[in-house]
Amino acid sequence: MVKTDGKIEVAASIGCGVIGYSWALKFAMAGIETRAYNRSEASSDTARERVATSLASLVDNGVYAEDEARAIEGRITYTTSMEEAVCGAQFIQESSAEHYEVKHELVKQLETYADPDVVIASSTSGLLVTEIAKYAEHPERFCGGHPYNPPHLIPLVEITKGERTAETTVDEAKAFYQAIGMEPVVLQKESLGFICNRLQMALYREVANLVLTGVCSVEDADKAVTFGPGLRWGIMGPSLVFDLGGGAGGVAGLMDHLDDSITLWLKDMATWTEFPKEWGEVAQRGVDEELSHRTPETGDTPETLAAYRDHMLVEMLKLHGKL
Ligand SMILES: NC(=O)c1ccc[n+]([C@@H]2O[C@H](COP(=O)([O-])OP(=O)(O)OC[C@H]3O[C@@H](n4cnc5c(N)ncnc54)[C@H](O)[C@@H]3O)[C@@H](O)[C@H]2O)c1
């Protein structure tokens with residue numbers, strides 16, 4: 001494996017749908033010459049439009065001046081030729097459809113043109129890297145690089161390994177993601193849902209439980225997160241928050257101090273492993289009610305809510321020095 005220490009000048013984003021276009025944009029935002037591969041011209045046109053829309057939003061939010069946005073756009077080359085996309089690329093991010101057959105076919109095509117020591121990271125949300133690279137000539141250079149939507153804004157990327165992934169591949173992927181301003185975390189072993197989806201679902205299970213048992217409304221559960229712990233979690237993770245909460249005793253002291261109380265809460269909390277069938281409808285009614293109480297500025301329709309989220313996200317990322 002060639003050590004690049006994350007210094008990549010040419011990268012390829014393969015399969016530029018919802019996630020792949022955003023990866024291409026992220027690479028270009030980091031100053032990298034980027035090849036964006038799609039199977040058809042029509043898909044490339046959609047990716048091009050999505051890049052333009054996302055950049056317009058970044059300009060509107062004061063992240064880039066017009067000429068900077070045009071320079072970023074100019075770093076992306078759209079192609080339907082795998083050879084053109086992959087030859088000479090120093091890092092390859094694959095974001096095709098979430099099926100083993102599709103990934104297997106792509107692995108074959110990618111390896112036809114990619115240098116043998118180039119890292120190939122899959123955006124897969126749940127397929128096993130071992131299985132994706134099953135027929136690969138160089139399985140050691142494959143890893144997972146799971147982003148959160150949209151990767152050009154959300155810094156987290158979860159790096160996963162297959163049984164034959166080389167440690168140097170993980171190191172290379174980590175260095176690359178760090179170099180483009182992302183925050184990689186490495187899963188030391190395979191775990192369904194990776195880290196973040198498990199955390200999200202642990203919280204969301206308890207939201208459903210609280211609402212379904214009549215403790216609070218969907219709206220109040222959302223408020224409780226947004227204006228309570230969610231504000232702190234946007235700054236630092238739960239263990240650091242509790243470390244501060246524990247005062248001189250730190251997180252260890254806090255756990256010790258609250259032990260009896262926490263045990264009572266935990267015993268009363270949901271432990272079920274399937275969401276109750278009625279939850280979807282209950283949640284939707286709650287969300288519709290909640291939206292009717294919001295303003296256009298903070299989002300009272302799915303469209304204005306998305307615009308509000310993107311604006312706030314950009315402001316928070318600026319505070320984190322990520323934009
Ligand atoms: N959407 C998300 O929120 C999200 C988040 C994280 C990871 N992911 C993962 O990212 C990957 C892509 O998801 P998406 O939501 O962007 O899907 P998508 O359907 O929007 O895009 C998939 C792209 O792959 C292309 N494609 C499909 N089959 C192909 C093939 N045989 N050869 C070449 N290209 C092919 C499609 O034309 C399309 O451009 C999946 O592995 C998914 O699990 C998605």
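As the structure lists them, so they are numbered: ligands from 1, and atoms in each ligand from 1.
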With a heavy-atom distance limit of 4.0 Å, tell me whether N149 approaches ligand 1 through its side chain, its backbone, both, or neither. side chain

Selection from T46, I19, I154 by shortest heavy-atom distance to atom 1 (N) of ligand 1: I19

Would you say E98 and ligand 1 have an N/O pair spaced under 3.5 Å apart? yes

Sub-4.0 Å atoms of ligand 1 with respect to non-hydrogen atoms of T124: 41 (O)

Which protein heavy atom lies closest to atom 21 (O) of ligand 1, and at what distance to 0.1 Å? G17 CA, 3.4 Å

Would you mind telling me if ligand 1 is within reach of the side chain of N38, the backbone, both or neither, using heavy atoms under 4.0 Å? side chain

Taking non-hydrogen atoms only, is C16 closer than 4.0 angstrom to ligand 1 via side chain, backbone, both or neither? backbone

To which protein heavy atom is atom 35 (C) of ligand 1 closest, and what is the distance rounded to 0.1 Å? R39 NE, 3.4 Å

Within a reach of under 6.0 Å around CG of L264, are more than 12 heavy atoms found that belong to other residues, nucleotides or ligands? yes

Exceeds 12 heavy-atom contacts within 6.0 angstrom, atom NE2 of H257: no

Below the 3.5 angstrom mark, is there an N/O of V18, backbone or side chain, next to an N/O of ligand 1? yes

Within the structure, is a non-hydrogen atom of K103 found at a distance of less than 4.0 Å from ligand 1? yes

Counting heavy atoms under 4.0 Å, the part of E105 that contacts ligand 1 is neither

